[in-house]
Amino acid sequence: MKFYSTRGGAEAKNASEAIVKGIAEDGGLFVPERFPDLSGALEEMLDMDYADRAAFVLSKFLEEYDFDALSEACEKAYSLFDEDAAPVVKLDDNLYILELFHGPTLAFKDIALTLLPYLLRAGCDNVGIGDEVMILTATSGDTGKAALEGFKNQKGVKIMVFYPDDGVAEMQRLQMCTTEGDNVNVVAVEGNFDDCQTAVKKIFTDETFKKRLKEEGVIFSSANSMNFGRLCPQIAYYFSAYCDLVSAEEIGMGEKIDFAVPTGNFGDILAGWYAKKMGLPVNRLICASNKNNVLTDFFATGVYDANREFYKTMSPSMDILISSNLERLIFELDKRDANATAEKMKLLAKTGKFSVSAAQTAQLKKDFYANFCDEEECANVMGNFYEEYEYVLDPHTAVAVGVYDGYACESEERPVVILSTASPYKFAADVYEALTGKKETDAFTAARKLEKESGDPVPSQIEELKDKPIRFTKVAKKEDLEALVLAFAAKK
Ligand SMILES: *Cc1c(COP(=O)(O)O)cnc(C)c1O
């Protein structure tokens, strides 16, 4: 299987090269040459466990990877989760929650980032790369910790994470800044997530800078969802959830269902759309944004306009104005005309804005429903949902539930799977207040009170943060990132 750049300015690569590089030389994202049809394989997948389903889906794209080694890596990665990596919980007729937060760092990013170290190492082996790999990662909160956890103490790899100073939740910051390991580095950047992401992308495509590091035997890769190695494992849980519903006789084989996805960088929901293209019976993907609703407007009007106020919300992992993975959707919408996509991305970089045609906008509405949920509504959803189902939502998942509620009013009734992307304990203060109306600003006290209220135990990963020393306190300007990367690369 070959991988092309969405911007057409780079040679086709195999999966190993696409994953090791992370992003194409021309700044585009790698996309697979085709989408393997798995509709005939669903029956076969019913009897597999999560790790086997993941290996099965991955193997369709990662053709040069050894299948047995891939299976073993999936087995290992998903053994780090609670007993089931991605359980589907039934709350009501036609209402299901896909819990993706049972991994080491309590967010859905773990599904891909527990596996990415293997995909990268095997990818290097496959193409004969012996250099040290430097992972650069911009994070809106959850990718950072999941990547640090996945790559810490891995031989031949260093990882550097950039997060927006003042733009992540307290637990997220503590999780990142207490990470152990000699090969990790965490830096707060003045600005928001988009500033971090743009700065990292710039380093990735700076040929002079890359050459300089290459001379020292270091190459770059990315743990962001720009990397196909991040995206690919995420396709698997859409298939897995569907299979679980068929096995439980909640739906019939072939019946179409909806998925509601809390969306920021458009990676999670894009994986769902890829699953649909691979033959999974999906009706619509519900694209749920918080107050940073640039995607809602895009799906409504066909105009993507990032020139707007940036809001900090209680769902910080979705506080994003430039959703990188949308580029992969645009590429398909442009019927794989890379020049057309490159043109739009150039406009986006230059003016913060691009648009698609009316016909393309209409096309999108067949597969997507998009809306947003503001802060007040998000809090109400958490409170009401708890009252109705005794189920505690985190603020990101609540955004998806809020948007789904609006969708359900105007569409025919069919089963929906809401993707739950984080444990509520990562955002305990906001969740506790939404459930009880009481304020508790200390994150740990809030977690304990939330445990008392809900009866769900505080995860040990949260509990143990209290006593861990904070190792990283650096705050940098975005202009200084290159120098910091160089210094870290030189560190023995
Ligand atoms: C990253 C993240 C999201 C958004 O996912 P994208 O792939 O960026 O759209 C939603 N919720 C949580 C908790 C996240 O960590």
Side-chain angles (χ1 to χ4, degrees), residues 29 97-113 137-149 161 163-164 167-169 171-173 175-176 193-194 196-197 222-235 237-238 259-275 285-290 292-296 298-299 313-329 368 370 372-373 378 382 392-403 418-428 430-431:
L29 307 189
I97 304 261
L98 171 57
E99 294 185 342
L100 298 170
F101 54 79
H102 292 285
T105 77
L106 309 173
F108 90 96
K109 309 291 200 292
D110 286 326
I111 300 255
L113 284 163
T137 296
T139 184
S140 55
D142 291 326
T143 290
K145 178 57 179 177
L148 289 162
E149 211 42 44
V161 167
Y163 71 92
V168 299
M171 286 295 187
Q172 291 178 312
R173 189 183 68 81
Q175 278 189 307
M176 289 189 277
F193 171 73
D194 294 307
C196 294
Q197 177 160 262
S222 161
N224 282 104
S225 53
M226 302 184 287
N227 192 327
F228 188 76
R230 258 289 297 278
L231 204 54
C232 197
Q234 294 176 187
I235 300 171
Y237 51 71
Y238 287 91
F259 285 94
V261 191
T263 302
N265 220 0
F266 210 75
D268 196 358
I269 194 166
L270 183 82
W273 190 67
Y274 275 14
L285 293 148
I286 297 161
C287 176
S289 301
N290 66 22
N292 295 293
N293 60 352
V294 57
L295 284 166
T296 308
F298 169 68
F299 281 103
T313 72
M314 56 184 151
S315 47
S317 303
M318 296 154 67
D319 290 346
I320 292 175
L321 292 182
I322 311 268
S323 297
S324 329
N325 269 293
L326 189 67
E327 181 167 344
R328 288 184 163 113
L329 177 67
F368 293 94
F372 75 103
C373 186
C378 177
M382 285 191 272
V392 184
L393 298 166
D394 97 285
H396 303 77
T397 311
V399 164
V401 170
V403 170
I418 313 261
L419 273 62
S420 177
T421 48
S423 158
Y425 283 106
K426 288 190 98 159
F427 310 94
D430 287 323
V431 175

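Indexing begins at 1, ligand by ligand and atom by atom, following the structure's order. Nothing here was measured: the structure is a model prediction, and the numbers come from that model.
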Does the N or O separation between Ala422 and ligand 1 drop below 3.5 Å for any pair? no
Does any part of the side chain of Met318, heavy atoms only, come nearer than 4.5 Å to the side chain of Thr421, both counted from C-beta? no
Heavy-atom check, side chain of Leu419 versus side chain of Phe108, under 4.5 Å: no
Per-atom filter on ligand 1: closer than 4.0 angstrom to a heavy atom of Ser317 are 2 (C), 12 (C), 14 (C), 15 (O)
Return a yes/no value for Asn265: is any of its N or O atoms, backbone included, closer than 3.5 angstrom to an N or O of ligand 1? yes
Counting only N and O atoms by type, is there a donor-acceptor contact under 3.5 Å from the side chain of Lys145 to the main-chain atoms of Gln175? yes
Does Pro262 have a heavy atom less than 4.0 Å from any atom of ligand 1? yes
Heavy-atom side-chain proximity of Gln197 to Asn265 below 4.5 angstrom: yes
Does an N or O anywhere in Asp142 fall below 3.5 Å from an N or O of ligand 1? yes
Geometry only, no angles: is Lys109 polar-contacting ligand 1 at N/O separations under 3.5 Å? yes
Check this for me - ligand 1, Ala107, N or O atoms closer than 3.5 angstrom, yes or no? no
Worked verdict on Ser323 versus Leu295 for side-chain contact (heavy atoms from CB on, under 4.5 Å): CA-CA 8 Å; Ser323 297; Leu295 284 166; 3.6 Å; yes
Give the atoms of ligand 1, by number and element, whose distance to some non-hydrogen atom of Gly267 is under 4.0 Å. 6 (P), 7 (O), 9 (O)
Among all the protein's non-hydrogen atoms, which is closest to atom 9 (O) of ligand 1, and how far away is it? Gly264 N, 2.8 Å
Looking only at protein heavy atoms, identify the closest one to atom 7 (O) of ligand 1 and say how far it is in Å. Asp268 N, 2.8 Å
Do Asp268 and Tyr237 come close enough that some side-chain heavy atom pair is under 4.5 Å? yes
Between Asn224 (side chain only) and Met226 (backbone N and O only), is there a donor and an acceptor less than 3.5 Å apart? no
Considering only heavy atoms, does Phe266 approach ligand 1 within less than 4.0 Å through its side chain, its backbone, both, or neither? backbone
Candidate pair Leu106 and Met171, rule side-chain contact (heavy atoms from CB on, under 4.5 Å), full reasoning: CA-CA 11 Å; Leu106 309 173; Met171 286 295 187; over 6 Å; no
I need the minimum non-hydrogen distance between Val401 and Leu393, along with the two atoms involved. CG2-CD1, 3.9 Å
Non-hydrogen atoms of Phe108 versus ligand 1: any pair closer than 4.0 Å? yes
Does any N/O atom on Thr421 come nearer than 3.5 Å to any N/O atom on ligand 1? yes
N or O pair under 3.5 Å between Thr263 and ligand 1: no
